[in-house]
Amino acid sequence: MYQNGTQAAQARHFYDRISSAYDTISDSSEHKVREAGLKALNVQPGESVLEVGFGTGHSIVAIAQAVGENGHAYGIDVSQGMFDVASRRVAKAGVQEQVELQVKPAPPLPFDDASLDAVFMSMTLELFPENVIPKLIADVKRVLKSGGRFGVVSMAMVQKGDHASILESTYIWMHHHFPHIVDCQPIDPDDILEQGGFSIIHSERQTIWTMPVGIVVGQK
């Protein structure tokens, strides 16, 4: 996540503290949408793929297995605790040769222009402050090759004509009033990617505990 003063320090501390328990807390509800996002991204052998916010490492392992020995899976995350957990998972899966993890804030992304085939974010983009998201999207576009793909799985705003569930309404209220406790917010990933200059090539909605989740892939 973006590092900026007290808010960023709190985020690092929070994710460091829950890193060892994160899978117990969240993965049982998040793994299906995360896997759907990776399926939509359609990572190919030999590609170079970055995950922003690799968390406990489930997706980075899947990406490394998909790119194979001739590809590369990169990951950045702000949490040293998440790095430690993900590194153990990578080692257990035996994909260390394909994986490079960094503890680093974003933006900027530490990659050259047009150097990556795909970028993936799962339950991460909605953690960034609204004024930082466009900067991050622009940097993702910068590091992608022509035709490169950007896959996003995120909590999503209720679509027009639908009504927010009680849980989602409560979640939004909690984020507005207590952002230090509920740090993420529903976003419109399709609109964000389109505003950033991406062409949407895949878009679907699933739910987690009655709250909508967007699974979107944009192409540069």
Side-chain angles (χ1 to χ4, degrees), residues 1-3 8 11-12 14-16 18-23 26-27 30-31 33-128 132-133 135-137 139-145 148-154 183-184 215-218:
M1 282 71 71
Y2 184 74
Q3 300 304 281
R12 286 197 302 272
F14 174 74
Y15 284 102
D16 283 346
I18 69 167
S19 57
S20 60
Y22 187 84
D23 283 350
S26 299
D27 193 62
E30 293 181 3
H31 77 275
V33 294
R34 183 186 69 241
E35 290 164 6
L38 284 172
K39 181 179 178 180
L41 188 61
N42 193 28
V43 175
Q44 297 296 305
E47 289 191 320
S48 293
V49 181
L50 166 67
E51 181 176 18
V52 179
F54 55 76
T56 58
H58 290 282
S59 293
I60 207 74
V61 167
I63 290 168
Q65 291 169 339
V67 300
E69 61 182 15
N70 293 320
H72 211 95
Y74 300 95
I76 61 173
D77 200 291
V78 296
S79 168
Q80 180 65 45
M82 291 296 191
F83 173 89
D84 294 341
V85 174
S87 295
R88 290 194 293 271
R89 176 162 279 118
V90 167
K92 185 176 180 180
V95 292
Q96 304 97 309
E97 293 300 316
Q98 294 96 279
V99 174
E100 182 181 323
L101 302 180
Q102 297 184 59
V103 178
K104 194 172 183 64
L109 299 172
F111 296 91
D112 293 335
D113 295 358
S115 60
L116 300 172
D117 296 290
V119 175
F120 183 63
M121 299 180 72
S122 181
M123 297 309 210
T124 301
L125 185 59
E126 63 268 49
L127 299 177
F128 286 81
V132 175
I133 289 177
K135 300 175 185 177
L136 176 62
I137 301 303
D139 213 33
V140 169
K141 189 175 182 183
R142 176 187 65 79
V143 301
L144 283 172
K145 299 174 184 177
R149 295 140 12 245
F150 182 23
V152 173
V153 178
S154 72
D183 58 348
C184 56
I215 300 168
V216 181
V217 178

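Values reported hereafter were calculated over all heavy atoms of this structure, with side chains retained and with hydrogens, waters and symmetry mates removed.
Minimum heavy-atom separation, A86 to G55: CB-O, 3.6 Å. Summarising the geometry of A64 relative to V99, their closest heavy-atom pair is CB-CG2, 3.6 Å, with the distance given to 0.1 Å. Contact record, V153 with V33: CG2-O, 3.7 Å, taken as the closest heavy-atom pair.
Distance check: L109 CG to L50 CG gives 6.0 Å after rounding to the nearest 0.5 Å. Atoms CD and CE, on E30 and M123 in that order, are 4.5 Å from each other to the nearest 0.5 Å. Of the inter-residue distances, the one linking T56 atom OG1 with R89 atom CZ reads 5.0 Å to the nearest 0.5 angstrom. Once rounded to the nearest 0.5 Å, the distance linking CD of Q98 with CD of E69 reads 7.5 Å. The distance from atom CZ of F54 to atom OG of S122, rounded to the nearest 0.5 Å, is 14.0 Å.
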Legend entry - Test log, rule side chain to side chain contact (heavy atoms under 4.5 Å, CB included), inputs I137 and K141: CA-CA 6 Å; I137 301 303; K141 189 175 182 183; 5.7 Å; no
Inset, instruction - Could you give me the CA-CA distance, side-chain angles and deciding distance for L101 and Y74, then say whether side chain to side chain contact (heavy atoms under 4.5 Å, CB included) is met? - result: CA-CA 6 Å; L101 302 180; Y74 300 95; over 6 Å; no
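By the 4.5 Å heavy-atom criterion applied to side chains, V95 and I60 are not counted as neighbours. By the 4.5 Å heavy-atom criterion applied to side chains, V61 and Q65 are counted as neighbours. Contact annotation: the side chain of H58 never approaches that of H31 to less than 4.5 Å [non-hydrogen atoms, C-beta and beyond]. Taking 4.5 Å as the limit, every side-chain heavy atom of F150 sits out of range of all side-chain heavy atoms of V217. In this structure, the side chains of V152 and T124 stay at 4.5 Å or more apart for every pair of heavy atoms.
Side chain of D77 to main chain of V103: no donor-acceptor pair is present (N/O by atom type, distance under 3.5 Å, no hydrogens or angles). Not a single donor-acceptor pair under 3.5 Å links the side chain of D139 to the backbone N or O of P107.
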Would you be so kind as to tabulate the donor-acceptor pairs closer than 3.5 Å made by side chains of residues 35-47, with sequence neighbours excluded?
| unit_1 | atom_1 | unit_2 | atom_2 | d |
| --- | --- | --- | --- | --- |
| N42 | OD1 | Q44 | NE2 | 3.0 |
| Q44 | NE2 | N42 | O | 3.1 |
| E47 | OE1 | Q44 | N | 2.9 |
| E47 | OE1 | R149 | NH2 | 3.0 |
| E47 | OE2 | R149 | NH1 | 2.9 |

For residues 112-121, tabulate all N or O donor-acceptor pairs below 3.5 Å that involve a side-chain atom, not counting sequence neighbours.
| unit_1 | atom_1 | unit_2 | atom_2 | d |
| --- | --- | --- | --- | --- |
| D113 | OD1 | R142 | NH1 | 2.7 |
| S115 | OG | D112 | O | 2.7 |
| D117 | OD1 | K145 | NZ | 3.3 |
| D117 | OD2 | S48 | N | 2.8 |

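By the neighbour-count criterion of 12 heavy atoms within 6.0 Å, atom CD of Q102 is densely surrounded, having more than that number from other residues, nucleotides or ligands.
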